[in-house]
A.B. asks: 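There's a structure below that I have some questions on.
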Amino acid sequence: MRSPAAISAGALAAVLLAPLTGPATAEPFQLDGDPAPAFVIFSQVNDGGWSQALDEARQRVEDHFGLRIPYVENVPESASAIRPAVELLIDRGANIIVGSAFGYSDTFLELAEEYPNVAFMNPAGTTNAANLQSIYGRTYQSQYLCGMAAAAVSETGRLGFVGANPFGLVNWTINAYLLGARQINPDATVTAVFTGAWNDPVREREAVIALAEQGIDVIGQHVDTPTPPIVAGELGIYATGHHRDLSEFSDATQCSSVWVWDRYLIPEIESIVAGTWEPSPWGAFASIAEGGTDIVCCGDAVPEEAVARIMEERQALLDGKQIYAGPLVDRDGVERVAAGEVIGDGDLWGMDWFLPGVIAQ
Amino acid sequence: MDFLFNWLANIPPFAVPYALAALGLMICEKSGVLNLGAEGFLLVGALAGVGAILSAGASPAAALGIAMLATAALSLLFAVMVIALRVNQVISGLAIVFLAQGLTSLLGRTQGWTSRSFSGMPRIEIPWLSDLPWVGRILFSQDPVFYLTLVLIVFAAWALRNTHVGMRLRSVGENPEAADAAGIPVALYRFGAVVLGAALMGLAGGYLTVVISNIWVDNITGGRGWIVIALVIFARWQPLAALAGAVLFGGIEAVIPRLAATGFWVPQHFLLMLPYLLTLGVMVWSSLARRGRGGGPAALGDPFLREERR
């Protein structure tokens with residue numbers, strides 16, 4: 001299973017169960033010797049998306065610390081594959097292991113117990129311990145900004161979105177895309193099509209064509225291939241990307257929501273070295289300020305004043321602005337966030353509702 | 001009405017791979033060789049087509065030819081295992097899938113073919129006919145492989161019934177002992193059927209990348225090979241029925257994003273389940289009607305050894 005795919009259930013479970021198991025109230029983690037990070041990467045490092053973003057972060061961490069950071073790629077989500085890879089890296093002296101997948105969660109927890117002197121971090125994971133931290137990004141923040149860019153280039157005000165499956169972390173993206181779009185155009189709508197897969201370029205292509213047939217002129221995405229911008233370019237409409245900067249695939253790309261793991265990992269590694277690292281028992285949920293996702297923006301089609309608005313909103317998010325601030329009523333009329341409140345993390349992971357203006361099944 | 005024509009005109013991207021792969025699988029199985037490796041053959045064809053374009057600068061048509069050759073080459077391994085060495089056909093087929101998944105993933109990475117887009121095979125507008133209202137767009141402005149598929153299916157349906165080679169092929173799959181006694185070279189026919197069938201599956205895989213997606217990502221076939229196995233059962237090993245089934249299965253897949261894009265609520269997972277439900281229905285019906293193995297060749301899955309007592 002693709003790493004971001006199955007996060008919600010596990011992360012939700014982590015959120016719900018963590019208070020029961022309780023944090024390990026030990027002293028801060030102490031590293032033996034110099035830091036020696038190593039990466040265990042789920043897919044191939046040139047996959048054009050999730051894994052490549054992690055590998056690019058690995059290289060920037062290398063540059064920052066002046067270290068050589070070894071990695072193992074194509075490590076599937078099974079204990080029989082993860083364990084030998086991690087143990088080999090530890091045998092060779094690694095003492096900070098960075099994972100990359102939801103499916104590593106349980107094995108990383110076992111390994112963390114077996115190797116108490118090794119620090120583990122796992123993007124998209126759900127398990128945590130005194131020396132294990134799982135991380136995910138608040139991707140709705142960057143997708144909100146790309147929603148603004150989308151509305152700024154749309155003539156019809158009707159945006160499309162290609163998602164994998166309707167569940168928490170895809171739904172929060174779609175709702176945020178709409179909220180961002182409505183900053184620019186209060187009448188904007190977002191029509192979502194789900195392909196049922198993270199990695200099916202044929203279905204993604206057909207989804208974009210079907211959306212364009214309806215007069216939709218900008219396509220957002222939360223799938224793992226760069227197909228939506230490519231097809232949008234062929235059809236003469238615009239797109240926004242996710243995972244990495246997709247403008248390399250098509251000039252149709254006006255904004256990309258991109259992972260910036262190095263911004264998260266560098267301070268974490270520094271705190272590990274300083275002996276002040278204390279993993280949260282609920283996992284880390286990195287905002288745009290903490291190094292989850294950011295944007296690469298904007299394409300040529302986005303007008304100057306819209307670019308300025310987007311950058312203003314980005315600064316506001318960096319300063320702590322909440323996107324899911326009440327009052328928010330879903331499209332069925334149910335109040336989801338009361339006036340004056342902001343949404344909790346548990347409600348984000350469990351998001352199974354859409355705002356009025358989202359057209360989705 | 002626009003909805004209907006948009007839908008019908010966009011069925012081929014889903015239906016053509018099913019139809020081609022089902023035809024290939026059917027030819028292989030008509031000879032009595034059970035082939036569960038369809039997903040693997042599709043993957044190899046899909047990657048070989050991409051590789052031919054990205055690394056050798058091949059034209060789309062040549063890339064499709066290379067996809068067929070590469071898959072045929074892999075099928076030699078399968079053929080040697082199941083025909084010459086008489087290895088269990090179920091296990092050999094599954095082994096081919098795993099081998100192909102690993103091999104394509106490895107080559108895609110080491111050769112730098114992953115997530116690189118290219119321009120593939122364009123659609124062709126048939127003069128005059130493509131200007132016809134409605135049907136022109138649906139039937140006469142598709143890609144060349146679409147027309148080739150129709151020709152191949154009709155030809156195969158005819159050839160299996162009306163040519164010596166076709167009848168011998170079927171006799172090898174129905175009763176290899178009798179065929180052998182009649183002087184038909186059983187192993188040779190089976191060998192040919194496996195290789196020809198695999199080449200057609202390779203064409204189906206190449207179609208996915210070279211004609212439709214114009215990009216390679218790991219496991220791009222996304223389980224289509226398994227759907228094809230269901231489709232062959234559904235079609236009861238009849239080429240024309242396989243074409244109808246491919247249009248049905250593909251039509252369901254093509255309607256889902258269109259219904260969603262119009263904002264119409266669709267029970268997506270229920271629709272995706274329908275083909276399998278129909279396949280089950282066909283299996284139950286043929287079993288109740290006492291039609292042997294649901295229309296499948298009687299010796300399907302049995303290795304043949306001359307003079308062996310059974």
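Numbers restart at 1 for each chain; the letters A, B, ... are given by sequence-line order, proteins then strands. Just so it is clear, the values below take in all heavy atoms, side chains as well, and ignore hydrogens, waters and symmetry mates.
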A.B. asks: Have Q143(A) and T173(A) got a donor and an acceptor in their side chains that come within less than 3.5 Å?
C.D. replies: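 Q143(A) vs T173(A): no donor-acceptor pair found between side chains.
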A.B. asks: Check ring-ring contact (aromatic ring centres under 6.0 Å, His included) between F5(B) and all other residues, then give those that pass, not counting sequence neighbours.
C.D. replies: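 Only W134(B) meet the ring-ring contact (aromatic ring centres under 6.0 Å, His included) criterion with F5(B).
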A.B. asks: Counting heavy-atom pairs closer than 4.5 Å to chain A, which one of A261(B), G263(B), S117(B), G108(B) comes out on top?
C.D. replies: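 Top count of heavy-atom pairs under 4.5 Å with chain A: A261(B).
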A.B. asks: For chain A, which residues of residues 200-217 of chain B have at least one non-hydrogen atom nearer than 4.5 Å to it?
C.D. replies: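 Within residues 200-217 of chain B, the residues under 4.5 Å from chain A are L208(B), I212(B), S213(B), N214(B), I215(B), V217(B).
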A.B. asks: Does any part of the side chain of L36(B), heavy atoms only, come nearer than 4.5 Å to the side chain of V97(B), both counted from C-beta?
C.D. replies: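 V97(B) vs L36(B): side chains apart.
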A.B. asks: Can you say whether E204(A) sits under 4.5 Å from chain B via the side chain, the backbone, both, or neither, judging by heavy atoms?
C.D. replies: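 No part of E204(A) comes within 4.5 Å of chain B.
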A.B. asks: So which of V208(A), V231(A), I209(A) has the biggest tally of heavy-atom pairs under 4.5 Å with chain B?
C.D. replies: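 Maximum pair count with chain B is reached by I209(A).
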A.B. asks: Chain B heavy atoms under 4.5 Å from T195(A): which part of the residue, side chain, backbone, both or neither?
C.D. replies: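 Backbone only.
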A.B. asks: Can you tell me if W50(A) and S100(A) form a side-chain donor-acceptor pair at under 3.5 Å?
C.D. replies: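 No.
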A.B. asks: Non-hydrogen atoms of chain B under 4.5 Å away: do they reach the side chain of L211(A), the backbone, both or neither?
C.D. replies: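 Contact with chain B: backbone and side chain both.
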A.B. asks: Please look at A192(A) and chain B and tell me whether the side chain, the backbone, both or neither of the residue comes under 4.5 angstrom of a heavy atom of that chain.
C.D. replies: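 Backbone only.
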A.B. asks: Would one find more than 12 heavy atoms of other residues, nucleotides or ligands at under 6.0 Å from atom CG of D251(A)?
C.D. replies: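 Counting other residues, nucleotides and ligands, CG of D251(A) stays at 12 neighbours or fewer.
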A.B. asks: So which pairs with a foot in residues 244-260 of chain B pass side chain to side chain donor-acceptor pair (under 3.5 Å), sequence neighbours left out?
C.D. replies: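 Qualifying pairs: R203(A)-E253(B), E213(A)-R258(B), Y18(B)-E253(B).
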A.B. asks: With F234(B), which residues qualify under ring-ring contact (aromatic ring centres under 6.0 Å, His included), at least two apart?
C.D. replies: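 Expected list: F249(B).
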A.B. asks: Quick check on E206(A) against chain B: is it the side chain, the backbone, both or neither that has a heavy atom closer than 4.5 Å?
C.D. replies: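 Both parts, backbone and side chain.
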A.B. asks: In terms of side-chain heavy atoms, does T139(A) have a donor or acceptor partner in W259(A) at a distance below 3.5 Å?
C.D. replies: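 The answer is no; no qualifying pair exists.
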A.B. asks: Can you spot which of N175(A), D332(A), V334(A) makes a side chain to side chain contact (heavy atoms under 4.5 Å, CB included) with W353(A)?
C.D. replies: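 Single pass found, and it is N175(A).
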A.B. asks: Angle between ring planes, W7(B) versus F3(B), binned at 30° and 60°: parallel, tilted or perpendicular?
C.D. replies: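 Tilted: the ring planes of W7(B) and F3(B) meet at 30° to 60°.
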A.B. asks: Under a 4.5 Å cutoff for heavy-atom pairs, which residue among I359(A), V202(A), T191(A) has the most contacts with chain B?
C.D. replies: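 When all of I359(A), V202(A), T191(A) are compared, V202(A) has the most.
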